[in-house]
Amino acid sequence: KGFTPGKITVVEFWATWCGPCKQSMPHISELQERYNDYGVRFLGVSDEKLETVKGFLDKPEWNEKMRYTVATDPDKSTYTSYMTAAGQGGIPTAFVVGRKGTIEWIGHPMELDSVMDQIVHDKWDAAKAKTKFDQDRALETEMRKASAKLREAQAAGKWDEVISILDGLLAKAPNNEMILSQKMQICLTSANRPADGYAIAKTLLANNEHNAMMLNQIAWTIIDPQMPIKDRDVKLATEAAEKAVAASGGKDGAILDTLAACYWAGGNKAKAIETQKKAVEMGGPMKEQLEKTLKDYESKK
C-alpha cells in the first residue's frame, strides 16, 4: 500500500522466465539478510499471474534462492509507475526507495552492494546519482542515433569507422563501461588492435575491483574460445576471473566456470578441474552445461 517512513525498500522487477533474474536471486537474498537489521526490505515484483509465481516458488531450488518478499503485478500498473516512467525496458532492474520515500538509485541488482552500503549508512549522494542517471539517459539517446551507423560500418567491415563512432560516444561519456566494453571486444577481435583492447581491459579491471559481473565479463571476453582473438592474454583474463570469484564470494557457478576456463587455457588442468567441480556444486540454471564442461576437461586431462 505504501512505504514506511524511515525504512528503505528495494523494488526489483523480475520474471520466472528471465535467466539473469534467476542469477540475481541468491545475491538479492544475501543482501536482504545483510541489511535486514537496517530496516531494509527487498520486494521482487513480477507482472505474471499469481499462479505462475506460486508454481515457480513451489520448486525447492527457487524457494531456497528467493529469500525475500515477492509480489505480483498482473495488470502492470506497478511496472508502468516504475519501469515505464523511468524509461527502463530490461529486467532485472532495481529501484531503491530511501527513508524519505524518494528513489535514490536505479540499476541492475547485481550492482547494489556499494550503493546499499552507502545508503544505509547515510553516505549516499542522491543528487550525484540522479545527475549520472540523467547523463546516462542522454547518452542512450545518442547511442540510439549512432546505432544505425555502427551497424552499417560493422556490416561493411569498416572497423576504423566503428572505433571512430565509439570514440565519439566516449568523448561525451569517457567512463561509460558499456561503450568501453564494446570497444575492447572489437579491438581484440575484428579490428585486431590487441594493444588498445587490453589497455581498455586493464582500465575496466582497475575501476571494478569489487564488481563481479564486470570482472567476469572482462575475463570471459578474453578467454571465450568462440572469440576470434589472435593474441589472447590468458594471464590478464585469469587475474580478472580470480578477482570476480573473490568479489562474488566464490558462490557463482558461472564465474567459477570462467576461472576454470582461464586455468585450462593457461595449462593448469588440475586446477581447472578442481575449480569446475566447485562451479558444478553451486548448481543453478547452468548446472547441466557446467557438468558437461567438467566431463570434457576430465576426458582431455
Side-chain angles (χ1 to χ4, degrees), residues 2-16 18-46 53 56-57 59-71 82 88 91-126 128-129 132-133 177 207-217 241-256 258-259 278-279 281-286:
F3 301 111
T4 305
K7 301 291 185 180
I8 299 167
T9 305
V10 181
V11 183
E12 182 252 355
F13 291 85
W14 70 287
T16 60
C18 171
C21 299
K22 294 176 182 178
Q23 291 180 344
S24 300
M25 287 173 186
H27 185 62
I28 296 174
S29 296
E30 290 170 10
L31 291 174
Q32 175 63 86
E33 290 158 3
R34 186 188 309 170
Y35 294 111
N36 189 58
D37 292 342
Y38 290 91
V40 179
R41 185 187 191 193
F42 284 78
L43 177 63
V45 181
S46 168
V53 175
F56 178 80
L57 291 174
K59 299 174 183 177
E61 177 186 1
W62 300 114
N63 188 45
E64 165 60 24
K65 290 182 177 179
M66 205 171 197
R67 302 184 303 277
Y68 48 96
T69 306
V70 182
Y82 284 80
Q88 302 297 297
I91 55 175
T93 294
F95 295 72
V96 180
V97 182
R99 293 187 174 96
K100 296 180 180 179
T102 56
I103 292 173
E104 304 283 341
W105 182 85
I106 302 171
H108 197 289
M110 294 301 284
E111 299 172 359
L112 270 168
D113 293 70
S114 62
V115 174
M116 290 304 300
D117 191 60
Q118 292 178 66
I119 289 176
V120 298
H121 292 104
D122 296 322
K123 295 180 180 180
W124 181 248
D125 189 335
K128 183 179 178 180
K132 183 180 183 303
F133 180 79
E177 292 176 348
N207 294 339
N208 290 276
E209 289 285 330
H210 305 292
N211 186 337
M213 299 297 284
M214 175 56 72
L215 292 166
N216 186 64
Q217 181 183 328
E242 288 177 340
K243 288 184 177 180
V245 169
S248 64
K251 297 180 180 180
D252 190 307
I255 293 176
L256 286 163
T258 300
L259 179 57
K278 292 179 182 177
E281 288 173 7
M282 290 299 106
M286 288 182 61

Reported [atom1]-to-[atom2] distance for the pair [X] and [Y], which is rounded to 0.5 angstrom:
| X | Y | atom1 | atom2 | result |
| --- | --- | --- | --- | --- |
| Leu215 | Thr258 | CG | OG1 | 11.0 Å |
| Glu111 | Trp105 | CD | CH2 | 5.5 Å |
| Leu31 | Met110 | CG | CE | 9.0 Å |
| Ile28 | Arg67 | CD1 | CZ | 11.0 Å |
| Glu30 | Phe42 | CD | CZ | 11.0 Å |
| Glu61 | Lys22 | CD | NZ | 8.5 Å |

Using the side-chain hydrogen bond (donor to acceptor under 3.5 Å, both in side chains) criterion, which residues pair with [X]? Sequence neighbours excluded.
| X | result |
| --- | --- |
| Asn211 | Asn208 |
| Lys278 | none |
| Asp37 | none |

Check: Is it the case that more than 12 heavy atoms not belonging to Arg41 sit under 6.0 Å from its CZ atom?
Finding: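 Result for CZ/Arg41: open.
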Notebook entry, point to check: side chain to side chain contact (heavy atoms under 4.5 Å, CB included) with Lys7: which residues, sequence neighbours excluded?
Noted result: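 Result, side chain to side chain contact (heavy atoms under 4.5 Å, CB included) vs Lys7: Thr4.
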Notebook entry, point to check: Listed by chain and number, what are the side chain to side chain contact (heavy atoms under 4.5 Å, CB included) partners of Thr93, not counting sequence neighbours?
Noted result: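 Only Met83, Gln88, Phe95, Ile106 meet the side chain to side chain contact (heavy atoms under 4.5 Å, CB included) criterion with Thr93.
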Item checked: Salt-bridge present (Asp117, Arg34; N to O < 4.0 Å) ->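 Judged by the 4.0 Å cut-off on N to carboxylate O distance, Asp117 and Arg34 do not form a salt bridge.
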Check whether any side-chain heavy atom of [X] sits under 4.5 Å from a side-chain heavy atom of [Y], and report yes or no.
| X | Y | result |
| --- | --- | --- |
| Pro92 | Met25 | no |
| Met116 | Val10 | yes |
| Val11 | Phe3 | yes |
| Thr102 | Glu104 | yes |

Note to self: Tell me whether Ser29 contacts the main-chain N or O of Lys65 through its side chain, where contact means a donor paired with an acceptor under 3.5 Å.
What the structure shows: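 Looks like yes, one N/O pair under 3.5 Å.
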Next item on the list: Spell out, as yes or no, whether a donor-acceptor pair under 3.5 Å connects the side chain of Gln32 to the backbone of Val40.
Entry: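 Such a contact is found between Gln32 side chain and Val40 backbone.
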[X] versus [Y], closest heavy-atom pair with distance:
| X | Y | result |
| --- | --- | --- |
| Leu43 | Ala71 | CD1-CB, 4.0 Å |
| Thr16 | Val53 | CG2-CA, 4.4 Å |
| Arg99 | Ile119 | NH1-O, 3.4 Å |
| Trp124 | Ala129 | CZ2-CB, 3.3 Å |

Item checked: Sole candidate of Pro20, Cys18, Ser46, Pro109 that passes side-chain contact (heavy atoms from CB on, under 4.5 Å) when paired with Ile91 ->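 When Pro20, Cys18, Ser46, Pro109 are each tested with Ile91, the side-chain contact (heavy atoms from CB on, under 4.5 Å) holds only for Cys18.
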Notebook entry, point to check: For Lys132, which residues count as a salt bridge (Lys or Arg N to Asp or Glu O under 4.0 Å) partner, sequence neighbours excluded?
Noted result: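 By the salt bridge (Lys or Arg N to Asp or Glu O under 4.0 Å) rule, Lys132 matches Asp136.
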Checklist line | Distance-only polar pair, side chains of His27 and Asp113, donor-acceptor under 3.5 Å | finding: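 Result is yes, a qualifying pair exists.
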